[in-house]
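Predicted, not measured: the structure shown is a model, and the values here were computed from it.
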Protein chains: 2
Amino acid sequence: MSDASAETAIRPTRAENFSEWYLEVIKAADLAESSSVRGCMVIKPWGYALWEHVQRVLDGMFKATGHVNAYFPLFIPLSLLEKEAAHVEGFAKECAVVTHHRLEARDGKLVPVGELEEPLIVRPTSETIIGESFARWVQSYRDLPLLINQWANVVRWEMRTRMFLRTAEFLWQEGHTAHATEPEAIDETMQMLGIYARFAEEWMALPVVQGEKTESERFPGAVRTYCIEAMMQDRKALQAGTSHFLGQNFAKASGIQFQDEKGTLTHAWTTSWGLSTRMIGAMIMTHGDDDGMVCPPRLAPQQVVIIPVIQKPEVREQVLAWCTALKRELEAQTYAGAPVRVHLDARDLQGAKKSWEWIKKGTPVRLEVGPRDIEKGAVFMGRRDRKPREKQSVPRAELVAGVGALLQEIQDALLERARTMRAAHTRVIDTKDEFYAYFTPPPTRRPNDPTPIHGGFALAHFAGDPAVEARIKEDLGVTVRCIPLEPGEPGTCAFTGQPSPKRVVWAKSY
Amino acid sequence: MSDASAETAIRPTRAENFSEWYLEVIKAADLAESSSVRGCMVIKPWGYALWEHVQRVLDGMFKATGHVNAYFPLFIPLSLLEKEAAHVEGFAKECAVVTHHRLEARDGKLVPVGELEEPLIVRPTSETIIGESFARWVQSYRDLPLLINQWANVVRWEMRTRMFLRTAEFLWQEGHTAHATEPEAIDETMQMLGIYARFAEEWMALPVVQGEKTESERFPGAVRTYCIEAMMQDRKALQAGTSHFLGQNFAKASGIQFQDEKGTLTHAWTTSWGLSTRMIGAMIMTHGDDDGMVCPPRLAPQQVVIIPVIQKPEVREQVLAWCTALKRELEAQTYAGAPVRVHLDARDLQGAKKSWEWIKKGTPVRLEVGPRDIEKGAVFMGRRDRKPREKQSVPRAELVAGVGALLQEIQDALLERARTMRAAHTRVIDTKDEFYAYFTPPPTRRPNDPTPIHGGFALAHFAGDPAVEARIKEDLGVTVRCIPLEPGEPGTCAFTGQPSPKRVVWAKSY
């Protein structure tokens, strides 16, 4: 994966220590940092801008399919959760509990006072609190379908946190819909899964497998949970979005009922679906390399950076004027439905230093411009999908006219590279022995070395016995990531010899 | 303000009971509702869409002035607040305190367990938690200015809540910036105040007074607090945005220091500025009338609604086809830099019923289309700034070509109306007696009637004595809303006879 002899901007490299590399990329690309609040991160401007583009694009997709946004309370009264807990086993219990509403200064210390009559939970997800509103909003079949989305922060008290992937607080969108019939709700569930898959592939350059979760990985209370699963460069799977068909379970718990056309009172059929800032972690681990972050052009905060190379102060003005004009020309071009995002880095720093900063941040296209380039009417262009020193001179007019195509070429290259990587580490496996061997890490050189990258996606037949799944999880830390939607041939379970309807995707996962 | 003999869609009317009217408009326009969580509201899709447009426009203004977005933790450790509390008197103490991180089921009840070593406060504002990051980010003068904005939810444990105006949780943006010099930080403070004022007038059609707060209304820890103040239709003032110059106070508390060009370690100069969902309350109380909400066209979720009037089923298809084509033509027009937002209300309901729904929601332009209109090639057009029944036939081509101008005409009319209203209820006052008379409500007819609308903005000279201000607040519930930025003549304090640099704005307020 990396050429150990070459110098790289990030140490350790992916091959040396993938999880350390991940944290170093976040630091080098200035994406985020940890805070003094246990398990909570600060999303820095470059990381947040990635999220803003995710929001913008997904929000457009949601609205194009008839959804509207709304906002529901951050807090859930304990009694409301109790009502749900009665219906749902496996209720998530690690959450932030608000018990007081006042701080008082006593001996120079602040002390919580004003105990609440009823504790409040900071929402870990909003099914209950939104269900309560839906019960009021839905009276007649005319009120359906109800297609609501919320952009919000949620809190889950995670014990082992990891930036972007698992933090106590994270940002996400949660869609909640109610329908008059079961088929409509199922259609919605699948439509949103499809939107996530399309977003992942077309915008994030992230190839995903769409599939259904087995019972053990199903959202508590859901009838069926669907997901998109992607392979990271350490060959682990990352669940990148989920869509739940909730049947009438939540409608019954929340009392979401309507009069149908015949006047009969019926419970609605509901769905929920979510995608979070975890996606930024997925982008890092899919596209990042040993020189830092690699932003997919369509979501890159800046798609092109212009770096004036000014060795003598007397040329400064001329070079900057030329670069400013170039910036305007590029910004007049469009890519993926929006003006090209161009940054002119006019800071008074050495050109090479600036260039490396933008490489580490993952900017798709870098343009170095010095007096000699200007003389030639050209720029010195570097692409983030190629090696840092693999740069070429491009005539200005050609670059401007072709910038959209260039960005799409990089976008396509990233998707293709990720597809190739995934294909190389996806294996059809038919025996338990091969399966166990596939997921057993090779020995490390020294006792404290990190576990070498190994395994991948195993496509193995599985008859569906939860006990078998639990055993494999215990033995190898491997789970069924999903039962793919794509049609497959029936066969024999690799573990029990029982008949299996199709191969499922097994992997270690985040 | 209202013609009591005419039938109106909202009862009570503004004149009858302004605060009840406010709640009824929120209900009739489907803007929001209360939730089962004390003091927390649900922002419904129509209300949230208004906020989305506020966000979109303001965010563009922030970015055009060099600001970037980031995201900081929801929780603030108690010890961090203690550090600030030591520096700041008047520290806000009503807030949500998280003390446990786990719920356990015991005898069918959920009980908070897992007490935190250190309680966490749900952010009431983020100066402390952002200051902590800034202290890490700022090392050298090259790192300045730091221009950050955050879109977030915040929580303040309000005892008396009112939808959009004062709720426990609300949505806002909070800007936080750090600068190398005092003049730069002051410029930033004033620039952001100016942006709020421009946004209020140009986008919300809300005339505002820009000014500085007196000491008693200053943000705790700020050197100077500036605000924009608007007059609602009950003649009370509403603070619609604030911009604080924080001097070096917060930089010292948080340790935000940098090496200047000479290598000297210096504390940065910081600012903060915020605007919240309160703005939606301001829109309701400024533009709403006795028929419901009136959305300023530039922020309206839908700017034009097309209402097919179908009396016979056999014309349905033809009318809908005509309306769909009209919708597309209108959407191809732009207004205020974006495609015109058009909704076709094809629901199978009576035309008049639909029409009234859109009136109550405050849609700027309604187009009724029936077979006879189609024959004439015209639409029957109603404007929300005119009476509901004051409609006119407009040729289709004329309407389409002029829709942008029409929307701006309505936008201008709303601003003009609000300006006229404010001018009519702004009085120059020179004596204490007149001042007290101005703010003393007229007697009510019956003992339990609501206080009649009275008073307004009093422009009176004030020498600045906090004791005088406190006395007036106690006597009348009137405060100095701001010391206007506009130049004024010096004079004599209406209350003490002391010299006063200029007249200030006094009013009752939200």
Part of [X] lying under 4.5 Å from any heavy atom of chain A:
| X | answer |
| --- | --- |
| B/Asp30 | neither |
| B/Val122 | side chain |
| B/Trp46 | neither |
| B/Arg347 | neither |
| B/Glu52 | side chain |

Taking all heavy atoms of [X] and all of [Y], pick out the closest pair and write down the distance.
| X | Y | result |
| --- | --- | --- |
| B/Glu169 | A/Arg123 | OE2-NH2, 4.3 Å |
| A/Arg142 | B/Leu349 | NH1-CD2, 4.1 Å |
| A/Thr99 | B/His100 | CG2-ND1, 3.9 Å |

**Request:** Working to the nearest 0.5 Å, report the span between CG of A/Leu103 and CD1 of B/Ile121.
**Result:**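 Here the interatomic distance stands at 4.0 Å.
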
Among [options], who wins on heavy-atom pairs under 4.5 Å with chain B?
| options | answer |
| --- | --- |
| A/Leu171, A/Thr277, A/Leu120 | A/Leu171 |
| A/Arg136, A/Gln150, A/Glu104, A/Glu118 | A/Arg136 |
| A/Pro301, A/Pro77, A/Ala105, A/Gly47 | A/Pro77 |
| A/His101, A/Lys109, A/Glu132 | A/His101 |

**Message:** Donor-acceptor check, side chain of B/Glu82 to backbone of A/Leu110, threshold 3.5 angstrom: yes or no?
**Reply:** yes

**Item:** chain A contact residues among residues 33-44 of chain B, heavy-atom distance under 4.5 Å
**Value:** B/Glu33, B/Ser34, B/Ser35, B/Ser36, B/Val37, B/Cys40, B/Met41, B/Val42, B/Ile43, B/Lys44

**Members of residues 66-76 of chain B whose heavy atoms come closer than 4.5 Å to chain A** =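 If one takes a 4.5 Å heavy-atom cut-off, the residues of residues 66-76 of chain B near chain A are B/Val68, B/Asn69, B/Ala70, B/Tyr71, B/Phe72, B/Pro73, B/Leu74, B/Phe75.
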
Check each atom of [X] against the heavy atoms of chain B and say whether the ones under 4.5 Å are side chain, backbone, both or neither.
| X | value |
| --- | --- |
| A/Val113 | neither |
| A/Ile130 | neither |
| A/Asp59 | side chain |

**Message:** With heavy-atom distances below 4.5 Å as the criterion, would you say the side chains of A/Leu116 and B/Trp157 are in contact?
**Reply:** yes

**Item:** More than 12 heavy atoms from other groups under 6.0 Å of NZ on A/Lys63
**Value:** yes

